[in-house]
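This report refers to the structure that appears directly beneath it.
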Amino acid sequence: MMIATWNVNSLKVRLPQVLEWLAHYQPDVLCLQETKTEDVNFQLAELTAAGYQCAFSGQKTYNGVAILSKQPLQEISYGIPGCVDTQKRVLAATVNGVRIVNVYVPNGQSVDSDKYQYKLGWLKELTAWLEVELKTYPNLALLGDYNIAPEARDVHDPKAWEGQVLFSEPERAAFQALLNLGLQDSFRLFEQPEKMFSWWDYRMHAFRRNMGLRIDHILLSAALASACKAAHIDKEARKAERPSDHAPVITELNLKV
DNA sequence: ATGGCGCGCGCAGCGCGA
């Protein structure tokens, strides 16, 4: 079973790339973030024709998440239960007995902003919910754009980024709190090349200079981690014409689909 | 990372992302 996550930065613009990517990789599940598309405009026909069932939760201009799956999507749930949030950032579904949780964590803007406080509070709500969710679903994968680089090796220039949003200590502690639930970072289950990132700024020729951060992650519950056989980041997608600023992240599980 | 780009909205230029 291959599962993947990709912040597409507008599904409308990136749909051709998503279709091409699906055709090439044939993942079982692809989680999308920043679709920036209201549900009424979601490109369901094109994705269905490509062989994928879709669950989606979007809004105009900002945010928006979707789960694409070859197998039926069951028990679809929207948002964090009991958490009032007008921003469409969370979508969960069960596929082939695996609980897929797709998140678009708030960016936080800067450490002295209200948005940063919203981000930390939001992560706390997410963690509390997942603690419960893991009891119901021992096979759980948390995929998405976390907007957190967990370690220095996930940052092209850790000195410059120290204390900055995406790499500040409280954000990294929030990431650690997710790991403390028993989740494991699938990317780090395997030996990886150095300086592997999932996001590069559009500016400053950041991609060409590999000035990136690893902020998109696939965390796995213990049961899934023990079935994990590969994990990688598809940098190739970032080389496309009109690319998203994020690259897809992929994990392969030893599970029958 | 002082900004530089790309996106949505909407028709100019701004807010936002990361």
Side-chain angles (χ1 to χ4, degrees), chain A residues 5-18 31-43 56-66 85-90 102-123 126 143-175 187 195-217 233-235 237-249:
Chain A
T5 179
W6 194 5
N7 179 323
V8 288
N9 186 17
S10 168
L11 183 57
K12 184 182 170 191
V13 171
R14 233 63 69 190
L15 182 66
Q17 291 180 43
V18 170
C31 294
L32 303 177
Q33 302 85 36
E34 283 206 86
T35 55
K36 299 185 177 180
T37 307
E38 288 183 299
D39 292 347
V40 68
N41 296 321
F42 189 87
Q43 291 107 318
F56 42 91
S57 177
Q59 66 191 100
K60 197 184 273 191
T61 312
Y62 303 117
N63 311 313
V65 281
D85 191 348
T86 54
Q87 304 186 22
K88 307 294 190 188
R89 297 183 174 277
V90 177
N102 179 13
V103 294
Y104 174 46
V105 176
N107 169 279
Q109 198 162 62
S110 66
V111 294
D112 55 3
S113 72
D114 292 345
K115 288 175 181 151
Y116 182 79
Q117 294 307 321
Y118 166 67
K119 178 181 193 173
L120 294 179
W122 191 96
L123 283 162
L126 175 73
L143 309 89
D145 176 357
Y146 290 58
N147 273 314
I148 301 171
E151 298 178 53
R153 58 181 167 166
D154 300 314
V155 178
H156 69 92
D157 185 348
K159 277 214 167 65
W161 279 88
E162 196 176 337
Q164 303 293 315
V165 72
L166 311 183
F167 189 53
S168 72
E169 192 49 48
E171 293 168 272
R172 294 165 66 188
F175 187 89
F187 189 75
K195 300 190 184 303
M196 284 298 289
F197 309 122
S198 68
W199 169 84
W200 301 260
D201 201 307
Y202 284 121
R203 298 167 291 188
M204 303 176 293
H205 305 290
F207 182 66
R208 186 163 56 71
R209 298 156 72 191
N210 199 28
M211 295 169 61
L213 304 178
R214 193 174 71 92
I215 56 175
D216 301 88
H217 309 291
I233 298 171
D234 177 26
K235 261 184 95 164
R238 188 61 173 76
K239 300 175 183 170
E241 286 288 315
R242 283 188 93 182
S244 166
D245 43 356
H246 294 253
V249 178

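In what follows, every heavy atom counts, from backbone to side chain, and hydrogens, waters and symmetry copies are set aside. What you see is a predicted model; the values in this text were computed from it and never measured. Letters A, B, ... are given to chains in the order of the sequence lines, protein chains preceding strands, and every chain is numbered from 1.
Between A:Arg14 and B:dC7, a side-chain N or O to OP1/OP2 separation shorter than 4.0 Å is present. Residue A:Arg203 places no side-chain N or O under 4.0 Å from the OP1 or OP2 atom of B:dC5. The side chain of A:Lys115 contributes an N or O atom lying less than 4.0 Å from OP1 or OP2 of B:dC16.
The aromatic rings of A:His156 and A:Phe197 lie perpendicular to each other, with more than 60° between the two planes, well past the 30° mark.
Summarising the geometry, the separation between CZ on A:Arg89 and P on B:dG17 is reported as 7 Å, rounded to the nearest angstrom. Taking atom CD on A:Gln59 and atom P on B:dC9, their separation rounds to 11 Å, with Å as the unit. If you measure from atom NZ of A:Lys12 to atom C1' of B:dC7, you get 10 Å, rounded to the nearest angstrom. A:Asn41 has its CG atom 12 Å from the P atom of B:dG8, to the nearest Å. With rounding to whole Å, A:Glu34 atom CD is found 13 Å from B:dC9 atom P. Rounding to whole angstrom units, CG of residue A:Leu11 and C1' of B:dG17 are separated by 17 Å. Between the NE2 atom of A:His246 and the P atom of B:dG6 there is a distance of 14 Å, given to the nearest Å. Rounded to whole angstrom, the span from the CD atom of A:Gln109 across to the P atom of B:dC14 amounts to 16 Å.
Comparing the P positions of B:dC14 and B:dG10 gives an interatomic distance of 16 Å, to the nearest angstrom. The gap from the P atom of B:dG13 to that of B:dT2 amounts to 27 Å, rounded to the nearest Å. Distance check on atom C1': B:dC7 versus B:dA12 gives 16 Å, rounded to whole Å.
The listed nucleotides are B:dG6, B:dC9, B:dC7; the one nearest the side chain of A:Lys60 is B:dC9. In this structure, the nucleotide among B:dG17, B:dG8, B:dG4 sitting nearest to the side chain of A:Tyr104 is B:dG17. The side chain of A:Thr61 lies closest to B:dC9 when the candidates are B:dC9, B:dC7, B:dC16.
In A:Lys36, the NZ atom is crowded: over 12 heavy atoms of neighbouring residues, nucleotides or ligands sit closer than 6.0 Å. In the displayed structure, A:Glu162 atom CD is contacted under 6.0 Å by at most 12 heavy atoms of other residues, nucleotides or ligands.
Taking the side chain as every heavy atom from C-beta outward, A:Asp157 and A:Met211 never approach each other to under 4.5 Å.
In terms of position along DNA chain B, the nucleotide closest to A:Arg242 lies nearer the 5' end than the nucleotide closest to the other residue of the pair A:Arg242 and A:Tyr62. Of the residues near DNA chain B, A:Val13 and A:Gln87, the one whose nearest nucleotide (by heavy atom distance) lies more toward the 5' end is A:Val13.
Nucleic acid contact class of A:His205 (heavy atoms, under 4.0 Å, all strands): none. Within the nucleic acid shown, A:Asn7 comes within 4.0 Å of sugar-phosphate atoms alone, with no base atom in reach, counting heavy atoms only. Nucleic acid contact for A:Asp201: base, since at least one base atom lies under 4.0 Å from a heavy atom of the residue. Looking at heavy-atom distances under 4.0 Å, A:Val165 makes no contact with the nucleic acid at all.
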**Item:** Residue pair A:Lys235, A:Trp200: steps toward the side-chain contact (heavy atoms from CB on, under 4.5 Å) verdict
**Value:** CA-CA 10 Å; A:Lys235 261 184 95 164; A:Trp200 301 260; 3.7 Å; yes
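In terms of heavy atoms, A:Pro243 sits closest to A:Tyr202 at O-OH, 3.0 Å.
Judged by Watson-Crick or G-U wobble contacts below 3.5 Å, the nucleotide B:dC5 has B:dG17 as its partner.
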